[in-house]
Protein chains: 2
Amino acid sequence: MENKKTFNLQMVKRLPLYVNALKKLRASGVEYISTTTLVKEMKLETMLVRKDLAGLGIPGRQKLGYKVNELLIAIDGYLGWNRYGEAFLIGAGALGSALMGYKQLEEYGLNIVAAFDVADSKVGKEIHGKTVLHLSKLPNLAKRMGVRSAILTVPPESAQTVADMLVMAGIRGIWNFSTKELHLPDQVICHNENIAGGLAAFSFKLKEMYDKETKNGQE
Amino acid sequence: MENKKTFNLQMVKRLPLYVNALKKLRASGVEYISTTTLVKEMKLETMLVRKDLAGLGIPGRQKLGYKVNELLIAIDGYLGWNRYGEAFLIGAGALGSALMGYKQLEEYGLNIVAAFDVADSKVGKEIHGKTVLHLSKLPNLAKRMGVRSAILTVPPESAQTVADMLVMAGIRGIWNFSTKELHLPDQVICHNENIAGGLAAFSFKLKEMYDKETKNGQE
DNA sequence: TAGATTGTTAATCGATTAACAATC
DNA sequence: TAGATTGTTAATCGATTAACAATC
């Protein structure tokens, strides 16, 4: 039996867009949705959407479309949401606090069960209804609660040290918001969120636009 | 004269990684850096780095490598940093507040000059040293200050309405953190930051890892 | 039936990797 | 000189788009 190749990270990143649209549709009582009408909300081709949905293994019906609720369940299953949804957050700075207050994370199945920091100014403080604990308490708590995912929002200098400690504490997945690339053992997965990269892309597009205009103006 | 195709959005997103490493090197007095030593910090191939640097138009010297300072200047120029660096932020919720306190944005040349919201609970409040203004004041201020970039961190429901208003106020670039795809006129650029997509990718990797383990355990 | 829509296979496009020539 | 490193061209890989067959 071959592993038929089904992963496509770009597709995975699009799934939340579908979830948003589908939830809204479900809330307004729509039962079936065709790709033709679904894409009106987003800048995607019907073809791409169909391919993505095919990847989920959910069939549509000609003329009718796809069953909204079935799709939502399939996406949840495909992403493993509501299964590994408990995570620790390390680094209660600006970004960390934001994620603690970011309601949509919970909606997408990720629940921050505790936050940690080392700075005296932060430990003990309450942020968005959760008390920040000292990082030294993490290993015990991880064992007791069985938490195996972590969100890393510490400054780049301490990212690797903290990551090493997380691995020792049995953490198996790190969502890394620090700008530092982490060195991790094979059995631990990591996903880097590169916000600086996003800013670079934004800046570049801006520059391109202004440059083009200047050029056109001169001709 | 042809436009020789030089854009590669993936490459653009990698540039901040180089900036980080290069700034650290410059601070410690290093003048020349080879790709071989540069990649030790990150999980990239020397080949890819060389290609990226070639895209900047900066030549290296065999045996020696690239001039650290020259590269930093070239990247700044390539991204247009320090040129279009003033931006408004709209939506002083959790994520918006975080970006206001995110020091690295300034380091990368983006300066949030004012923040806006419509909620009474937020207008007038001071966040990270800046007072939140009522959204209705944006158009005038944009004109007076000549600000043409905006960071959008409002809830999805209001994203399009606010975006329309921004366009009317002369905003030419939107860094969109709302999960909503925006419909904008051609002369306005937009870059979507899809954090939910990042979470999906993280979840997917986690699930894949656990699934693989379970399967191996059963064999 | 005709039209709309799914779903699959092939073609294209873009980005990365490999190979290797150039050179200090 | 030999070795290290840049830089370019070709090959590969992955993702998207196009074409079109299947079908309700």
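In the text below, chain A, chain B and the rest are named by the order of the sequence lines, each starting its count at 1.
Listed by chain and number, the residues in a side-chain hydrogen bond (donor to acceptor under 3.5 Å, both in side chains) with A:Thr36 amount to none (sequence neighbours excluded). Among residues two or more places apart in sequence or in another chain, the salt bridge (charged side-chain N to carboxylate O under 4.0 Å, His left out) test is passed with B:Asp164 by none.
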Give the B/S/- string for nucleotides 3-11 of chain C, one per nucleotide from 5' to 3', where a protein heavy atom under 4.0 Å of the base yields B, of only the sugar-phosphate yields S, and otherwise -. B-BBB-BB-

Contacts under 3.5 angstrom, residues 97-108 of chain B side chains, donor-acceptor by atom type, not counting sequence neighbours:
{"residue": "B:Ser97", "atom": "OG", "partner": "B:Ala92", "partner atom": "O", "Å": "3.4"}
{"residue": "B:Ser97", "atom": "OG", "partner": "B:Gly93", "partner atom": "O", "Å": "2.6"}
{"residue": "B:Tyr102", "atom": "OH", "partner": "B:Gln104", "partner atom": "OE1", "Å": "3.3"}
{"residue": "B:Gln104", "atom": "NE2", "partner": "A:Thr179", "partner atom": "OG1", "Å": "3.4"}
{"residue": "B:Tyr108", "atom": "OH", "partner": "B:Asn20", "partner atom": "OD1", "Å": "2.8"}
{"residue": "B:Tyr108", "atom": "OH", "partner": "B:Asn20", "partner atom": "ND2", "Å": "3.4"}

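Atom CD in B:Glu45 sits about 12 Å away from atom P in C:dT16, given to the nearest Å. Remark: P of D:dA15 and CG of A:Leu9 are 8 Å apart, rounded to the nearest angstrom. Atom CG of B:Leu44 is separated from atom P of C:dA15 by 16 Å (rounded to the nearest Å). Computed from coordinates, the A:Asn8 CG to D:dT17 C1' distance equals 13 Å when rounded to whole Å.
Between A:Phe202 and B:Trp175, the ring planes lie parallel to each other; the angle is under 30°, not in the 30° to 60° tilted range.
A salt bridge links A:Arg172 with B:Glu213: the closest approach of a Lys/Arg side-chain nitrogen to an acidic carboxylate oxygen falls below 4.0 angstrom.
When each of B:Asp117, B:Ile174, B:Val118, B:Leu166 is paired with B:Ile90, the side-chain contact (heavy atoms from CB on, under 4.5 Å) condition holds for B:Leu166 and for no other.
Screening residues 58-68 of chain B for side chain to side chain donor-acceptor pair (under 3.5 Å), with sequence neighbours left out, gives B:Tyr32-B:Arg61.
Both cation-pi conditions hold for B:Lys207 and A:Tyr78: the charged atom is under 6.0 angstrom from the six-membered ring centre and inside a 45 degree cone around its axis.
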Would you write the dot-bracket representation of DNA chain D, where each base gets (, ), [, ], | or . depending on whether it forms a Watson-Crick or G-U pair under 3.5 Å and with which partner? ..||||||||||||||||||||||

